[in-house]
Enquirer: 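Below: one structure in structure tokens.
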Amino acid sequence: SQKIEQNSEALNIQEGKTATLTCNYTNYSPAYLQWYRQDPGRGPVFLLLIRENEKEKRKERLKVTFDTTLKQSLFHITASQPADSATYLCALGYNNNDMRFGAGTRLTVKP
Amino acid sequence: NAGVMQNPRHLVRRRGQEARLRCSPMKGHSHVYWYRQLPEEGLKFMVYLQKENIIDESGMPKERFSAEFPKEGPSILRIQQVVRGDSAAYFCASSPGQGGLNGYTFGSGTRLTVV
């Protein structure tokens with residue numbers, strides 16, 4: 001069956017460190033992968049998209065990698081800040097279809 | 001640009017009643033997606049609609065649940081004869097084209113509580 005797994009439910013790091021979140025999938029061949037941020041009581045907010053033929057994407061302090069051989073995406077936040085504390089969701093998509101989401105990783109950045 | 005508007009934000013229904021959740025997509029977006037989220041769980045896909053068409057309803061329970069996106073007006077997710085297990089946050093998202101190549105824009109959700 002198809003599965004999307006995000007590493008540990010919760011990740012705690014110190015301010016200024018790099019946070020690394022993992023998204024693994026099985027029995028999928030996505031055309032692209034997205035990362036979203038969700039704050040409590042709010043809807044997810046789109047952050048980054050990476051296509052299957054791209055290895056890496058960057059946006060300010062965010063970096064995403066996509067390894068279709070390992071079936072894995074890594075999401076990095078460098079120089080993390082307490083304001084980065086939130087739940088981060090990965091989502092897999094196809095060109096003509098809807099998105100499927102992982103359960104999310106709750107990141108806490110401590111000052 | 002008001003973004004994706006969902007209403008109501010909170011909805012309380014007694015068991016057996018009907019729940020109607022509304023979603024107005026972003027201006028210019030003709031694709032609407034509904035997701036359900038239980039506490040501490042991820043978003044579960046329910047249904048994908050375009051104007052007047054259901055494209056994919058594979059995630060929606062066959063009984064009691066229905067969705068529509070009429071030519072005029074918001075998309076409606078309807079749950080008949082609600083049960084306690086329907087209590088969840090229901091999120092609507094929209095996109096300008098097919099798939100998520102531009103990212104989805106989500107609303108703030110409707111929190112349904114069945115008592």
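None of these values were measured; they are calculated from a predicted model. Excluded from the calculations below are hydrogen atoms, water molecules and symmetry mates; all remaining heavy atoms, backbone and side chain alike, are included. Protein chains get the first letters and strands the later ones, always in sequence-line order, with residue 1 at the start of each.
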Enquirer: So what's closer than 4.5 Å to chain A heavy atoms on B:Ser58: side chain, backbone, both or neither?
Expert: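 Just the side chain, heavy atoms under 4.5 Å.
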
Enquirer: Would you find more than 12 non-hydrogen atoms of other residues, nucleotides or ligands less than 6.0 Å from A:Arg61 atom CZ?
Expert: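 Yes, the 6.0 Å shell around CZ holds more than 12 heavy atoms from other groups.
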
Enquirer: So with a 6.0 Å cut-off around CD of A:Gln72, is the heavy-atom count from everything else above 12?
Expert: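 Counting other residues, nucleotides and ligands, CD of A:Gln72 exceeds 12 neighbours.
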
Enquirer: Flag the pair B:Phe91 / A:Gln38 as yes when at least one side-chain heavy-atom distance between them is below 4.5 Å, and no otherwise.
Expert: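 Sidechains of A:Gln38 and B:Phe91: in contact.
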
Enquirer: Give a yes or no on whether A:Glu56 atom CD has more than 12 heavy-atom contacts from other residues, nucleotides or ligands under 6.0 Å away.
Expert: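 Above 12, so yes.
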
Enquirer: Would a distance-only check, ignoring hydrogens and angles, find a side-chain to backbone donor-acceptor pair under 3.5 Å from A:Arg42 to B:Gly109?
Expert: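 No, the answer is negative, given that no donor and acceptor are paired below the 3.5 Å cut-off.
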
Enquirer: Just so I know, are the side chains of B:Tyr104 and A:Met99 near enough to count as touching, which here means a heavy-atom distance under 4.5 Å?
Expert: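 In short, these two side chains touch, coming nearer than 4.5 Å.
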
Enquirer: Should the heavy atoms of other residues, nucleotides or ligands under 6.0 Å from NZ of A:Lys3 be counted, would the total exceed 12?
Expert: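 No - once you tally the heavy atoms of other residues, nucleotides and ligands closer than 6.0 Å, there are 12 at most.
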
Enquirer: Would you indicate whether B:Glu63, at its atom CD, is surrounded by more than 12 heavy atoms from other residues, nucleotides or ligands within a distance under 6.0 Å?
Expert: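 Result for CD/B:Glu63: open.
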
Enquirer: Mind checking the CD-CG spacing from B:Gln37 to A:Leu89? Nearest 0.5 Å is all I need.
Expert: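 Here the rounded value is 7.0 Å.
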
Enquirer: Quick check: do B:Phe106 and A:Phe46 have side-chain heavy atoms less than 4.5 Å from each other?
Expert: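 With C-beta onward as the side chain, the pair stays apart.
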
